[in-house]
Amino acid sequence: MTEAAVDGALAEASELMSEMLRARKDVNVSMVFADEAAVKMVEAIKALSEARTAMVGVHSELNEAKLRLGIRTKMDIQPKPPSMEEVSQTTLRKVG
């Protein structure tokens, strides 16, 4: 769940960076314009990437600790979303 949140933030930051670059080109201004904002955006994307790598490492460490302690993972079965539930079929027949 945490990785998904970081991935989402990383995707949104990347989209924002792309929009920033496109907007600069659309208004036909120098590459110098808003350069500091672009630099900060790249730094934010880098930080999100590092956070993602750290979270993957945390899960790896926790998995290793679990194995050392002999803890087995309990299967947690989540209910299916309504769109995936079995749909009963009704057979129609012609009357008359």
Side-chain angles (χ1 to χ4, degrees):
M1 185 164 154
T2 304
E3 287 93 342
V6 175
D7 279 350
L10 190 54
E12 287 181 23
S14 298
E15 289 173 14
L16 178 56
M17 181 67 181
S18 178
E19 288 296 321
M20 288 169 56
L21 295 172
R22 192 173 302 116
R24 187 202 53 77
K25 185 178 177 185
D26 288 349
V27 295
N28 197 29
V29 293
S30 166
M31 290 184 74
V32 176
F33 182 79
D35 184 58
E36 190 59 33
V39 168
K40 288 181 180 183
M41 194 74 220
V42 169
E43 289 171 357
I45 291 169
K46 181 179 182 232
L48 287 167
S49 178
E50 290 170 354
R52 183 183 188 283
T53 299
M55 289 309 305
V56 169
V58 166
H59 278 142
S60 178
E61 292 291 326
L62 291 175
N63 190 48
E64 181 65 30
K66 177 189 76 164
L67 294 175
R68 278 193 246 140
L69 293 171
I71 299 171
R72 293 186 179 252
T73 303
K74 178 181 168 186
M75 184 177 272
D76 185 20
I77 300 175
Q78 300 291 325
K80 291 180 184 176
S83 62
M84 295 182 68
E85 290 179 0
E86 291 183 31
V87 178
S88 61
Q89 291 183 335
T90 305
T91 305
L92 300 176
R93 58 189 164 110
K94 189 174 182 178
V95 178

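In what follows, residues are counted from 1 in the order of the sequence shown. The shown structure was predicted, so the numbers you read here are calculated from the model rather than taken from an experiment.
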Please name all residues satisfying side-chain contact (heavy atoms from CB on, under 4.5 Å) with Leu21, sequence neighbours left out, ordered by chain then number.
Met17

Quick test of your reading: applying salt bridge (Lys or Arg N to Asp or Glu O under 4.0 Å), list the pairs with at least one residue in residues 27-47, sequence neighbours left out, ordered by first then second residue.
Lys46-Glu50

If you link I, L, V, M, F, W and Y whenever their side-chain heavy atoms are under 4.5 Å apart, who else ends up in the same group as Val56?
none

In one Ile/Leu/Val/Met/Phe/Trp/Tyr side-chain cluster, 4.5 Å: Ile45, Met20
yes

Not counting sequence neighbours, list each pair that qualifies as a salt bridge (Lys or Arg N to Asp or Glu O under 4.0 Å) and has a residue in residues 1-21.
Asp7-Arg52, Glu19-Arg22

Please give the remaining members of the hydrophobic cluster of Val39, linking ILVMFWY side chains under 4.5 Å, ordered by chain and number.
none

Which atoms form the tightest heavy-atom contact between Leu48 and Val6, and what is the distance?
O-CG1, 3.5 Å

Per the side chain to side chain donor-acceptor pair (under 3.5 Å) rule, what does the pair list look like for residues 25-34, sequence neighbours excluded?
none

Are Phe33 and Val27 linked, directly or through intermediate hydrophobic residues, by side-chain heavy-atom contacts shorter than 4.5 Å (ILVMFWY only)?
yes

Where the side chain of Ser18 meets the backbone of Ser14, is there a donor-acceptor pair that is under 3.5 Å apart?
no

Same cluster or not: Leu10 versus Met41, using hydrophobic residues (I, L, V, M, F, W, Y) connected whenever any side-chain heavy atoms lie under 4.5 Å apart?
yes

Residues forming a side-chain contact (heavy atoms from CB on, under 4.5 Å) with Val58, sequence neighbours excluded
Leu62

